[in-house]
Amino acid sequence: MTAVELNNVWKIYAGDVAAVKDVNLSIQPGEFVVLVGPSGCGKSTTLRMIAGLESISKGEISIGNRVVNDVAPKDRDIAMVFQNYALYPHMTVEKNIAFSLKISGMPKDDINKRVQNVSEVLGLHELLKRKPGALSGGQRQRVALGRAIARDPKVFLFDEPLSNLDAKLRIAMRTEMKSLHQRLATTTVYVTHDQEEAMTLGSRLVVMNAGQIQQVGTPIDIYNYPNNRFVAGFVGSPAMNFIEGKLRVKAGETHFSRNGLDIFTGSVSYLPDTESDAVIGVRPQSIMLVQKETPGAIAATVDQVEPLGDQMDIKVRIHDDTVIIARVPLQSGVDTGLQIHIAFDAEKVHFFENSKVGARLNRRS
């Protein structure tokens, strides 16, 4: 198993356009690390620099104990799987899987053995004589995976490999890829814009925005303890609700209000005494329907209801027409236009600076 290191890596295009800015990242041997973020955040460019398909403007990339800045892609001992599969249409599945092995000069008997092993792992036996045009999207993706696995590389690199598949097949392939990684334990770097996919697959996530790493951590850590408003709003579905207002803390007693309405009152020992503008963040799953008399209850009007099996998302307006989304049980009897009361789970409320960066105020407990 092989480690991957990125030290102060930059990618600067013509006109001083920085697509990747001073990225530092240590990927441990055997890890499944997912680079996640919106389109244009620099995640695919970072992956392509690891692969050698993009040159590095500044910094250093190591694979194993070797600096690979000036090493050709074919000599980095990596295998990359692309969004569009990149299969040879005139070759059978068998020849697609075997192609890179043949080019490397591997003996024919060894190639045949490797192809058989891979086809057994991925269930491709019955497809070996077919050409890509006769395969479904999921089958083509498995062939692309098979071609990568057959090389037995030190590192797998995946660039949005599931984005062309329908929703049901994406879920099935996620399960397959996770199982595959558990069996092979090969160091893997995976790029996606889909935060649900990232949360499902990654042993660690690297959340990127505007060419910079915003946070690195396990999926659970990032979900529960986002570093800033960007991470908090990007990771999690539906997105976290944010409300700007006034924060007042004295000896742990915390009050957050907006335009005269108390949004939150509670004891938060980890916040320093302050009176400042701030932002409160609360996930839809952390909002409860309560009785009017419940401490912390906020009056709200239901604007929209979206059923989701045994749950539903409700869009509600509070006080000054501030809109938030809550996820509640389907049996709640909530309907459009209804006057209700909601409250926030005090243990799961987040506080952020009211700034462009919006750093998290409450430390990890």
Side-chain angles (χ1 to χ4, degrees), residues 38 195 209 223-308 311-330 332-362:
Q195 53 92 18
N209 187 42
Y223 183 84
N224 288 330
Y225 305 103
N227 275 351
N228 54 45
R229 280 186 66 177
F230 172 78
V231 176
F234 185 79
V235 175
S237 180
M240 184 180 286
N241 297 289
F242 297 110
I243 305 172
E244 296 181 3
K246 297 286 184 180
L247 175 65
R248 188 174 80 257
V249 184
K250 188 170 183 179
E253 284 303 309
T254 304
H255 301 273
F256 185 87
S257 60
R258 176 181 171 84
N259 295 338
L261 173 69
D262 282 339
I263 299 292
F264 175 83
T265 300
S267 179
V268 184
S269 60
Y270 46 76
L271 287 176
D273 286 2
T274 185
E275 287 193 28
S276 62
D277 292 336
V279 175
I280 196 171
V282 60
R283 297 197 183 279
Q285 296 88 340
S286 301
I287 300 175
M288 305 164 287
L289 298 174
V290 297
Q291 298 298 317
K292 182 179 180 179
E293 300 78 19
T294 305
I298 303 168
T301 303
V302 179
D303 273 358
Q304 189 175 316
V305 175
E306 183 181 351
L308 301 165
Q311 297 177 311
M312 58 183 174
D313 288 346
I314 58 172
K315 184 184 289 185
V316 302
R317 279 182 296 111
I318 62 174
H319 184 52
D320 59 352
D321 285 342
T322 297
V323 175
I324 59 177
I325 293 174
R327 177 162 286 182
V328 300
L330 188 65
S332 303
V334 174
D335 207 350
T336 304
L338 193 67
Q339 303 294 309
I340 62 172
H341 285 80
I342 59 173
F344 301 154
D345 183 342
E347 296 296 319
K348 297 180 180 177
V349 168
H350 304 263
F351 297 94
F352 301 94
E353 294 176 353
N354 190 6
S355 67
K356 185 176 180 180
V357 176
R360 179 187 171 93
L361 291 177
N362 46 324

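Numbering of residues begins at 1 and proceeds along the displayed sequence.
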A side-chain contact here means heavy atoms from C-beta on lying under 4.5 Å apart; do [X] and [Y] qualify?
| X | Y | value |
| --- | --- | --- |
| V231 | R360 | no |
| P272 | V249 | no |
| F264 | F351 | yes |
| F256 | V268 | no |
| I298 | L261 | yes |
| Q339 | T301 | yes |
| P226 | V235 | no |
| I243 | V282 | no |

How far apart are the closest heavy atoms of [X] and [Y], and which atoms are they?
| X | Y | answer |
| --- | --- | --- |
| T274 | S276 | OG1-OG, 3.4 Å |
| S237 | Q285 | O-NE2, 3.0 Å |
| G296 | A343 | O-CB, 3.9 Å |
| A278 | L247 | CB-CB, 3.8 Å |
| E253 | S267 | OE2-CB, 3.7 Å |
| M312 | P307 | CB-CA, 3.8 Å |

Open item on the list: Show every salt bridge (Lys or Arg N to Asp or Glu O under 4.0 Å) that has at least one partner inside residues 332-354, sequence neighbours left out.
Closed with: none

- [ ] Return each pair, listed once, that meets salt bridge (Lys or Arg N to Asp or Glu O under 4.0 Å) where at least one residue sits in residues 258-286; pairs must be two or more places apart or across chains.
- [x] K246-D277, R258-D320

Open item on the list: Given 3.5 Å as the limit, does a donor-acceptor pair link the side chain of Q195 with the main chain of G236, or not?
Closed with: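 Yes: the side chain of Q195 pairs with the backbone of G236.
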
Taking distance alone, no hydrogens or angles, what donor-acceptor pairs closer than 3.5 Å link side-chain atoms of residues 286-294 to residues at least two apart or in another chain?
residue, atom, partner, partner atom, Å
T294, OG1, Q291, N, 3.4
T294, OG1, Q291, O, 3.1

Partners passing ring-ring contact (aromatic ring centres under 6.0 Å, His included) against [X] (at least two apart in sequence or in another chain):
| X | value |
| --- | --- |
| F352 | F242 |
| F234 | F230 |
| Y223 | none |

Drop me the distance from [X]'s [atom1] to [Y]'s [atom2], to the nearest 0.5 angstrom.
| X | Y | atom1 | atom2 | result |
| --- | --- | --- | --- | --- |
| I263 | I318 | CD1 | CD1 | 4.0 Å |
| L330 | Q311 | CG | CD | 9.0 Å |
| Q304 | I314 | CD | CD1 | 11.0 Å |
| M240 | I280 | CE | CD1 | 10.5 Å |

Task: From CA spacing to verdict: side-chain contact (heavy atoms from CB on, under 4.5 Å), I325, E306 - done: CA-CA 10 Å; I325 293 174; E306 183 181 351; over 6 Å; no

Open item on the list: Please evaluate residues V328 and I342 with respect to the criterion side-chain contact (heavy atoms from CB on, under 4.5 Å), reporting the C-alpha separation (whole Å), side-chain torsions for both, the decisive distance (0.1 Å), and the verdict.
Closed with: CA-CA 10 Å; V328 300; I342 59 173; over 6 Å; no

